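What follows is one structure encoded as structure tokens, with my remarks underneath.
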Amino acid sequence: MFTSIAGRAVVVTGATRGIGKGIARVFAGAGARVLIVGRNPGTAKATAAELCAAGAEVSHVLADVGRRDDCERIAATAQERLGGIDILCANAGIFPDARLADMTDEHIDQVLGTNLKGAILSVQACLPALARSGHGRVILTSSITGPITGYPGWAHYGASKAGQLGFMRTAAIELAASRITVNAVLPGNIITEGLAELGGDYEAKMTASVPLGRLGTVEDIGHAALFLATDEAGYITGQTIVVDGGQVLPESLAALEG
Ligand code: NAP
């Protein structure tokens with residue numbers, strides 16, 4: 001089962017570390033050829049080398065997904081190196097916190113520009129190649145924060161992640177004629193370098209609120225993305241998969257006490 005990923009050309013944005021790197025590793029493990037995208041030259045090179053050392057065909061391109069010209073360069077690089085794009089995992093994102101009382105235009109533009117505009121620009125740039133593939137797949141990394149839950153400091157972030165789902169639903173309809181599906185994975189709290197920057201106290205509190213008793217791994221998200229990219233998932237479009245260990249389920253803290 002799920003053998004359709006072997007040989008497919010995959011672009012993963014925000015894959016120099018964290019969830020994107022995990023997605024790239026899972027796809028590479030299934031035999032895909034992967035182009036990873038990020039802005040940090042050192043991390044990008046090291047991540048591509050690490051995945052190649054495990055026997056995968058992985059290369060990197062430096063690009064800021066918030067810039068249209070950079071996104072077009074991502075698509076051109078994929079065309080040149082992989083001969084096209086079958087799957088786009090639009091994963092790049094940032095989550096700096098700012099309370100509403102202190103939130104500046106810069107905070108709002110930075111978060112919406114990367115997470116929402118960046119996702120739209122990535123999809124737009126990859127569209128011609130995805131359409132040519134005949135079985136194009138777009139998988140967005142949204143979040144439980146915004147679409148389902150809220151968290152102080154992340155009003156702009158939540159708006160960007162909920163906005164991705166609004167984009168997804170219309171994109172799924174528009175792109176259906178080109179046999180491209182557009183779906184989203186909604187991670188809960190996943191162990192990444194970005195999450196670690198929020199501090200040990202945050203991680204401990206989050207772990208305590210997850211019914212399955214642990215934070216997620218980047219592979220947990222990679223496997224959900226992989227499923228949405230398979231031929232077997234070809235009739236699913238405009239949908240979401242929550243991967244959160246049950247974190248959104250409890251009605252109250254008392255519900256977690258059993
Ligand atoms: P992370 O560890 O901070 O990694 C973020 C990745 O995105 C890095 O590879 C970074 O690479 C890249 N990136 C950031 N801005 C970019 C830009 N403008 N252009 C291109 N690449 C960019 O974060 P993460 O925890 O893996 O999160 C990844 C995604 O999952 C985000 O969309 C986030 O919102 C979502 N998510 C995460 C969690 C979680 O618990 N970790 C939960 C829900 C949703 P460079 O620094 O090299 O640019």
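Everything numeric here is computed off the predicted structure, so don't read it as measured data. Every number for a ligand or one of its atoms is a count from 1 in the order of the listing.
The environment of CZ in Arg179 is sparse: at most 12 heavy-atom neighbours from other residues, nucleotides or ligands sit within 6.0 Å. Residue Asp69 places its CG atom among more than 12 non-hydrogen atoms of other residues, nucleotides or ligands, all under 6.0 Å distant. Atom CZ of Arg67 has 12 or fewer neighbouring heavy atoms from other residues, nucleotides or ligands inside a 6.0 Å radius.
Taking all atoms of both residues into account, the shortest heavy-atom contact from Pro211 to Gly245 is CD-O, 3.5 Å.
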Output a table of donor-acceptor pairs, distance under 3.5 Å, between side-chain atoms of residues 147-157 and any protein atom two or more places apart or on a different chain; print 'none' if there are none.
from, atom 1, to, atom 2, distance (Å)
Thr149, OG1, Ile144, O, 3.2
Trp154, NE1, Phe95, O, 3.1
His156, NE2, Pro96, O, 3.4

Every pair of nitrogen or oxygen atoms between ligand 1 and the protein that is under 3.5 angstrom apart - can you list them with their distances to 0.1 Å?
from, atom 1, to, atom 2, distance (Å)
ligand 1, 2 (O), Arg17, NE, 3.2
ligand 1, 2 (O), Gly194, N, 3.0
ligand 1, 3 (O), Arg17, NE, 3.4
ligand 1, 3 (O), Arg17, NH2, 2.8
ligand 1, 9 (O), Gly14, O, 3.3
ligand 1, 9 (O), Thr16, N, 3.2
ligand 1, 9 (O), Thr16, OG1, 2.6
ligand 1, 9 (O), Arg17, N, 3.4
ligand 1, 11 (O), Thr16, OG1, 2.9
ligand 1, 15 (N), Arg39, NH2, 3.3
ligand 1, 18 (N), Asp64, OD1, 2.9
ligand 1, 19 (N), Val65, N, 3.0
ligand 1, 25 (O), Thr192, OG1, 2.6
ligand 1, 26 (O), Ile19, N, 2.8
ligand 1, 32 (O), Asn91, O, 2.8
ligand 1, 32 (O), Lys161, NZ, 2.9
ligand 1, 34 (O), Tyr157, OH, 2.6
ligand 1, 34 (O), Lys161, NZ, 3.1
ligand 1, 40 (O), Gly188, O, 3.3
ligand 1, 40 (O), Ile190, N, 2.7
ligand 1, 40 (O), Ile190, O, 3.4
ligand 1, 41 (N), Ile190, O, 3.2
ligand 1, 41 (N), Thr192, OG1, 3.4
ligand 1, 46 (O), Arg39, NH2, 3.4
ligand 1, 47 (O), Thr16, OG1, 3.0
ligand 1, 47 (O), Arg39, N, 3.0
ligand 1, 47 (O), Asn40, N, 2.8
ligand 1, 48 (O), Arg39, N, 2.8
ligand 1, 48 (O), Arg39, NE, 2.6
ligand 1, 48 (O), Arg39, NH2, 3.2

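The existence of a salt bridge linking Asp201 and Lys205 is confirmed by a sub-4.0 Å separation between a basic side-chain nitrogen and an acidic carboxylate oxygen.
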